[in-house]
Amino acid sequence: MDLVKKSKLLSPILCCGLLVGCALGPRYHRPAVQTPTAFRDVAADSQPQGPAASYADLPWWQVFQDAKLQELIRTGLKQNYDVQLAAERINAARARVAITRSSLFPQVSANANFNGGKDGATQFKYNFLTLAGDAAFQLDLFGRLRRATEASRAELLATEDARQTLILTLVSDLASDYFTLLQLDLQLQITRQTVSTQTDSVKLTKLRLDRGVATKLDVLQAQQVLDTANAQIPELEQAIAQEENAISILMGDYPHDVSRGLPLVEQSLPPQVPPGLPSSIIERRPDIREAEQILRASNAEIGVAKAQFFPQIALTGSGGGSFGRSSAFSSLMASQVGIWSYAAQVSQPVFTGGALRGNLRLAKSENQQALIIYRQAIQRAFGEVSDALIGYEKLHEVRVRQQETVSDLQETVRISALRYKGGTTTYLEVLDGQRSLYGAQLTLASARGDECRSLVQLYKALGGGWQQ
């Protein structure tokens, strides 16, 4: 008879154990996304076949070899408040995972109570100690708690990928601002050299005027170029100070002077940048990985919503005892009392006014939204890589052509000056050449800065440093 009773009790428990393996909701599979086989406007021979290396595989300290820039980036990674905030968000996400996962395990608590004294009415003395333990466990028959834990873990991974995106953005912003600062330094240097040259030119023209071989108009025209250059100096100094302030804030510091390393003309740039296989960008870009983890979490939330339709079963139990003495019995006789209990509770939604179905439709809609965002992130990444590849290639050509322009104008100014001194031309020809040379030199400095910044954007678009 005892064996029959035990088998009846074990049967539902075994059935429950088998049902624990069932989790409602779709299993996650990475969505199939058709990606291009090559990046736009990239020559076929620049993309190696097979497992190709990418420029993004290099860590940032091998890409940006300026020692001062590396120092700025390291300081920014350590002190930037956005990076610190992202790290704390990861800690919070880990805590949420622990909270959600705890529901999968029994919840056990213990209580102890001691009391003693003397009853004023009966004059009975007593001392009692009560110990009790409680346990509660929710059977996850339909996977609601497991799906919630899966969603929470995916959100944790998304938070970690968000931090990687922020780090990549910080490194890129610091490098871009640093190259902008070097560009402004170069333009200020060119402007000051122009001021020095034009000051000598004005003095020379005045001397020629005194000797009767130049006109007052020649002096005024020379003075115009000098005044134009002088007016540029405070504007460039203002831009430099503001750029230093921006770099200081990115470093997590108050505005201060920023030390420089190599000048802009000495910054090394690779002649070619291998982008790697187009399909690998899905693994390299942290923003794409973040979008996929959000998609994974929304997929798990569908299972949570489906499980809400089914019964929720909770098991509870408690046990303990009371120990003590009381003079109510003969001569403080010892007494011991044991207690125990167990219970099972089943909760089944019957009528919710459409709330459960609405919750399921909401979960499915959010999953579709996450899928669209994931595909959009991949599409945007390919666009950014293509733009960056084209930009780096074409801005290199712009810089080379501008160098040729500056060389031609330098020769033009030299010849015009000789012609003017020989009396075969007016000073207007010299003036036009000097103006054009000054503008071309400033444009060349901008072209150098644009080329350096385009390399930064390409490294960022490829998901640079993703293996770190």
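The basis for the numbers below is simple: all heavy atoms, side chains too, and nothing from hydrogens, waters or symmetry mates. This is a predicted model, so every value here is computed, not measured.
- Taking the side chain as every heavy atom from C-beta outward, R260 and D185 approach each other to under 4.5 Å.
- Remark: the Q187 side chain and the S446 side chain contain an N/O donor-acceptor pair separated by less than 3.5 Å.
- In terms of heavy-atom proximity, V385 sits nearest to L462 at CG1-CD2, 3.7 Å.
- In this view, S341 and S318 satisfy the side-chain hydrogen bond (donor to acceptor under 3.5 Å, both in side chains) rule, not counting sequence neighbours.
- Atom CD1 of I247 sits about 12.5 Å away from atom CD of Q242, to the nearest 0.5 Å.
- Counting only N and O atoms by type, the side chains of N113 and T130 include no donor and acceptor under 3.5 Å apart.
- With a 6.0 Å radius and a threshold of 12 heavy atoms from other residues, nucleotides or ligands, E237 has its CD atom above the threshold.
- Taking the side chain as every heavy atom from C-beta outward, R146 and T149 never approach each other to under 4.5 Å.
- F309 is listed as a side-chain neighbour of R357, based on a closest heavy-atom distance under 4.5 Å.
- Between R361 and E366 there is no salt bridge, since no side-chain N of the basic residue sits under 4.0 Å from a carboxylate O of the acidic one.
- The two residues L168 and S172 make their nearest non-hydrogen contact at O-OG, 2.8 Å.
- Between I288 and I281, the shortest heavy-atom contact is CD1-O, 3.9 Å.
- Between R74 and E71 there is no salt bridge, since no side-chain nitrogen of the basic residue lies less than 4.0 Å from a carboxylate oxygen of the acidic one.
- Side-chain contact check for D161 and Q293: no donor-acceptor pair (N or O, by modelled atom type) lies under 3.5 Å.
- For K68 and D66, the salt-bridge test fails: no basic side-chain N is under 4.0 Å from an acidic carboxylate O.
- Salt bridge R101/E150: absent, no basic N to carboxylate O contact under 4.0 Å.
- Classification of E292 and R30 as a salt-bridged pair holds, one side-chain N sitting under 4.0 Å from a carboxylate O.
- The line from CG of L444 to CD of Q183 is 10.0 Å long, rounded to the nearest 0.5 Å.
- Counted within 6.0 Å of CD on Q34, heavy atoms from surrounding residues, nucleotides or ligands total 12 or fewer; the atom is thus considered open.
- Using modelled atom types, one side-chain atom of T405 and one backbone atom of R401 make a donor-acceptor pair closer than 3.5 Å.
- No side-chain donor-acceptor contact under 3.5 Å links Q403 to the backbone of V398.
- Of the listed residues (K394, R399, Q267), just one forms a side chain to side chain donor-acceptor pair (under 3.5 Å) with E451, and that residue is R399.
- Residues V273 and Y392 approach most closely at CG2-CE2, 3.6 Å, considering heavy atoms.
- Sparse packing is recorded around CD of Q345, with 12 or fewer heavy atoms of other residues, nucleotides or ligands lying under 6.0 Å away.
- Between F382 and F39, the two ring planes are tilted [angle within 30° to 60°].
- Side-chain polar atoms of Y374 and Q369 form no donor-acceptor pair below 3.5 angstrom.
- Summarising the geometry of V258 relative to L72, their closest heavy-atom pair is CG1-CD1, 3.9 Å, with the distance given to 0.1 Å.
- Across L295 and L371, no two heavy atoms sit closer than the pair CD1-N, 3.5 Å.
- Under the 3.5 Å distance criterion, with hydrogens and angles disregarded, no donor-acceptor pair is assigned to the side chains of R448 and Q402.
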